[in-house]
Amino acid sequence: MEDNKVIQLFDIKVIFADLEDRGFGRNIVIDATDQATQDAIDMWVKDNNINGGTAKYKDFTNKDGVTTKQYTFKLSEYTQFGGKDNLDEKALGAGAIINLSASAYDYDNKFGKGTSAALRAVYVTKGATKSALSAIAR
């Protein structure tokens, strides 16, 4: 696999993990506020022409006025999970810290053709905390 097709990010904070497909697919939303993280994502998206070559971030401002820049990675049935001290996907959620690897891939089907991306592997280094979950509860 070509090196520019793969992105690896380390010590990334999870904002939200949707591990059940509720009609929109499964995904992990990460905190991409850090400029180095954004630069890596921007370069990977541009180099692979994912979503037309432009990374799509969402800004979220919490009740305390703190804004985070968020980026969503899709999960596939091939995504592998692992973690430190036997942590796995059950430890994902707000506040979890992960290392991730994602791949860009070309598709051509009845809905169209282009380039998309999906997570290859997620390694949980710190599980979600109850306090982190309550901090985002609305």
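None of these values were measured; they are calculated from a predicted model. Values below: every heavy atom of this structure, side chains too, minus hydrogens, waters and symmetry copies.
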Q: Walk me through it: do N4 and W44 pass the test side chain to side chain contact (heavy atoms under 4.5 Å, CB included)?
A: CA-CA 7 Å; N4 70 337; W44 176 66; over 6 Å; no
**Q.** Over all atoms of both residues, closest heavy-atom pair of D64 and N62
**A.** N-OD1, 2.9 Å
**Q.** Nearest-0.5 Å distance that lies between atom NZ in K63 and atom OG1 in T61
**A.** 14.0 Å
(Q) Run the side chain to side chain contact (heavy atoms under 4.5 Å, CB included) test on V124 and K90 for me, step by step, so that the C-alpha distance in whole Å, both residues' side-chain angles and the decisive distance to 0.1 Å come before the verdict. (A) CA-CA 10 Å; V124 183; K90 294 177 200 82; over 6 Å; no
(Q) Before you tell me yes or no, could you show the steps for L19 and L92 under side chain to side chain contact (heavy atoms under 4.5 Å, CB included), namely the whole-Å CA-CA distance, both residues' side-chain angles and the distance that decides it to 0.1 Å? (A) CA-CA 9 Å; L19 303 177; L92 288 170; 4.2 Å; yes
Q. Which atoms form the tightest heavy-atom contact between D31 and T68, and what is the distance?
A. OD2-CG2, 3.8 Å
Q. Between the side chain of Q80 and the main-chain N/O of R120, is any donor-acceptor distance below 3.5 Å?
A. no
Q) Do the side chain of N48 and the main chain of I50 share a donor and acceptor less than 3.5 angstrom apart? A) no
Q. Salt bridge between D18 and R22, side-chain N to carboxylate O under 4.0 Å?
A. yes
Q) Going from NZ on K58 to OG1 on T72, what distance comes out if it is rounded to the nearest 0.5 angstrom? A) 5.5 Å
Q. Any idea which heavy atoms bring V6 and S101 closest together, and the distance?
A. CG1-OG, 3.6 Å
(Q) Atom OH of residue position Y107 - does it have more than 12 heavy atoms of other residues, nucleotides or ligands inside 6.0 Å? (A) yes
Q: Check L9, V122, I12, T125 against N99 for a side chain to side chain contact (heavy atoms under 4.5 Å, CB included) and give me the one that passes.
A: T125
Q. If you take all heavy atoms of A94 and A128, which pair is closest and at what distance?
A. O-CB, 3.3 Å
Q: Locate the shortest heavy-atom distance separating D11 from I97; write the atom from each residue and the value.
A: CA-CG2, 3.7 Å
Q: Evaluate the criterion salt bridge (Lys or Arg N to Asp or Glu O under 4.0 Å) for residue pair K69 and D59; output intermediate values, then yes/no.
A: CA-CA 5 Å; K69 192 164 288 289; D59 289 333; 3.0 Å; yes
Q) Is there a side chain to side chain contact (heavy atoms under 4.5 Å, CB included) between D42 and Y57 once you walk through the steps? A) CA-CA 10 Å; D42 289 343; Y57 299 98; 2.7 Å; yes
Q | Side-chain (N51) to main-chain (T54) donor-acceptor, under 3.5 angstrom | A | no
Q | Where A32 and Y71 come nearest, the two heavy atoms and their spacing | A | CB-CB, 4.1 Å
Q.
Are I98 and Y123 packed together at the side-chain level, in the sense that at least one heavy-atom pair is separated by less than 4.5 angstrom?
A. no
(Q) Please determine whether side-chain hydrogen bond (donor to acceptor under 3.5 Å, both in side chains) holds for the pair D39 and Q35, giving the CA-CA distance in whole Å, both sets of side-chain angles, and the decisive distance to 0.1 Å. (A) CA-CA 6 Å; D39 291 347; Q35 190 61 52; 2.8 Å; yes
Q. Going by heavy atoms in the side chains, are I7 and I41 under 4.5 Å from each other?
A. yes
Q: Look up atom CG in L119 and atom CG in N27, then write down how far apart they are to the nearest 0.5 Å.
A: 9.0 Å
Q.
Let me confirm one number: the CZ-CD1 distance from F16 to I28, rounded to the nearest 0.5 Å.
A. 10.5 Å
